[in-house]
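Quantities reported herein were computed from a predicted structural model and do not represent experimental measurements. Only heavy atoms go into these numbers, but all of them, side chains included; no hydrogens, no water, no symmetry mates. Each chain gets a letter, A, B and so on, in the order its sequence line appears, and its residues count up from 1.
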Number of protein chains: 2
Amino acid sequence: MAESTANQAARKGRRGSAGLNTKRGRALSELESFTLGLVWQLGPCSPYEVRRHMRASPSSQWSGSAGAIYPLMRRLEKRKLLESKPARTGKRARREYGITAGGLAALRQWIGPPLPEEAVTVTYDPLRSRARFLGAATPAQRRQWIGEAEEALERIAEMVEKWQASFGGGDEFLRLVTRNGELETEARRRWLMEVAERLG
Amino acid sequence: MAESTANQAARKGRRGSAGLNTKRGRALSELESFTLGLVWQLGPCSPYEVRRHMRASPSSQWSGSAGAIYPLMRRLEKRKLLESKPARTGKRARREYGITAGGLAALRQWIGPPLPEEAVTVTYDPLRSRARFLGAATPAQRRQWIGEAEEALERIAEMVEKWQASFGGGDEFLRLVTRNGELETEARRRWLMEVAERLG
DNA sequence: TAAGGCATGTAAGACGTTACATGATTAC
DNA sequence: GTAATCATGTAACGTCTTACATGCCTTA
């Protein structure tokens, strides 16, 4: 859309709109911002702890791969959104990161308002994406697919529950996050039942 | 998780598990697979048409940027999942891509079963991610945030409706996709109401 | 005291975005 | 006929994944 306008206008428009670019450097990615939030939430912590939290999440969005997190936190430090000092556990060296005042400001800005355009979207749901093309599958494959999807949603519900048990006690917003997961999973299940009815 | 096992085991494990790697080349990305699906659905078409459909989607997942789509379809052709021939509209040259038998097989494999692990996840919802850290915001910011999020969900509902009007007539699965969007948006709205109550 | 997982990283590469370029076509 | 937009790309860049490397530390 932005692209379909004249090039010159687009360039000006992009830079001008939505405050995507902060004064210094480009806008933070979702992963960078989320990491910032985790450091705020956990207090001073090592990249490994951040990774553990991500991997415990029911969302595969946050893979918490080392190759992403270590350089990312270094980047955030270079931008003075995090600060770090060396620490150790026994003989093992760690680096402990804490959030700075600027980091907190950046976190608040990311949360919004304003919400960036990309946040005004339906969620990304890999089951929905696949269902769109079920017409390309054989009837047998469709039935099996629905069965698998039901199982998947059951496992997801369990993951949400487990996450709630482990981390939901943090603050009231963490509890609301779980609640979102519950309501959403319920909605997806009802949807899948409708799909099964239509095809059954 | 996979990473936390011994390295050698991890390597074998990754390659062995879930059929992520096809005999030739690596697994298709979500975008590649989705593109394959669109070409199947639209019939022979140009990259530009694919992009138009993506940009019309209520999901910002599918940005449909030129720099992604043109090389991507070329890649799929190199792997014989698409085939193309030059065509023209008036004086303007186009390249028209159709799906091959191998492409259809790859599409079916992507749809599953089996569903890959990454598909067994809560959806990615930028509003939920942000809500998690509302504790870092001031009470005033929180109230404003909720207001903005409500507006966002309203706009999303409209987008889903509009999409349904334009494309929902295609086949029954497209209709189910819209239905998913409706149910999900409804769930998110109810969730947001709970959030407002808790904080209000 | 050896095995295995814990914890901390780095290097190379793939993928997608942003920005740019350019000719064809349409609207006025 | 000229300005805007359509349509088709390409190039550079940043981010994240995958794969690898390497010491610590626990436990049997």
* **Qualifying side-chain hydrogen bond (donor to acceptor under 3.5 Å, both in side chains) pairs, either residue in residues 95-104 of chain A, two or more places apart** => A/S84-A/R95, A/R94-A/E96
* Structure fact -> Taking C/dG9, C/dA7, D/dC16 as options, the one with an atom nearest any side-chain atom of A/S29 is D/dC16
* Distance check: side-chain N/O of A/S46 vs OP1/OP2 of C/dT8, anything under 4.0 Å? -> yes
* Nearest-Å distance for atom pair CZ/P, residues A/R94 and C/dG9 -> 10 Å
* Using a cut-off of less than 4.0 Å, is there contact between a side-chain N or O of B/R75 and OP1 or OP2 of C/dG16? -> yes
* With sequence neighbours excluded, tell me which residues meet side chain to side chain contact (heavy atoms under 4.5 Å, CB included) with A/E32. => A/L28, A/S29, A/L72, A/R75, A/L76
* Asked: In the hydrophobic cluster built from side-chain contacts under 4.5 Å, what are the other members alongside B/W163?
  -> B/F167, B/L174, B/V177
* Structure fact -> For A/E194, the salt bridge (charged side-chain N to carboxylate O under 4.0 Å, His left out) test, sequence neighbours excluded, returns B/R179
* Sidechain N-carboxylate O distance under 4.0 Å for A/E184, B/R190 -> no
* Asked: Can you name the side chain to side chain contact (heavy atoms under 4.5 Å, CB included) partners of B/E161, sequence neighbours left out?
  -> none
* **Partner residues of B/M54 under the side chain to side chain contact (heavy atoms under 4.5 Å, CB included) criterion, sequence neighbours left out** => B/L31, B/F34, B/T35, B/L38, B/V50, B/W62, B/I69
Please tabulate, one pair per line, all N/O donor-acceptor pairs under 3.5 Å involving side-chain atoms of residues 143-150 of chain A, not counting sequence neighbours.
from   : atom 1 : to     : atom 2 : distance (Å)
A/W145 : NE1    : B/I111 : O      : 2.9
A/E148 : OE1    : B/L115 : N      : 3.1

* To do: Return the nearest nucleotide to the side chain of B/L72; candidates are C/dG16, C/dT8, D/dG9.
  => C/dG16
* Structure fact -> The correct set of residues in residues 80-87 of chain A placing a heavy atom under 4.0 Å from DNA chain D is none
* **Residues forming a salt bridge (charged side-chain N to carboxylate O under 4.0 Å, His left out) with A/R198, sequence neighbours excluded** => none
Extract from the structure each pairing of a protein N or O with an N or O of nucleotides 25-28 of chain D at less than 3.5 Å, listing the distance.
from   : atom 1 : to    : atom 2 : distance (Å)
D/dC25 : OP1    : A/T89 : O      : 3.2
D/dC25 : OP1    : A/K91 : N      : 2.5
D/dC25 : OP1    : A/R92 : N      : 3.1

* Structure fact -> Double-helix bend of the helix from C/dT1-D/dA28 to C/dC28-D/dG1, axes at both ends from 5 pairs, round to 10°, gives 30°
* Asked: For C/dA24, does either OP1 or OP2 sit under 4.0 Å from a side-chain N or O belonging to B/R88?
  -> no
* Does D/dT17 have OP1 or OP2 sitting under 4.0 Å from an N or O in the side chain of A/S65? -> yes
* To do: Only counting residues at least two apart or in another chain, list the ones meeting side chain to side chain contact (heavy atoms under 4.5 Å, CB included) with B/S166.
  => none
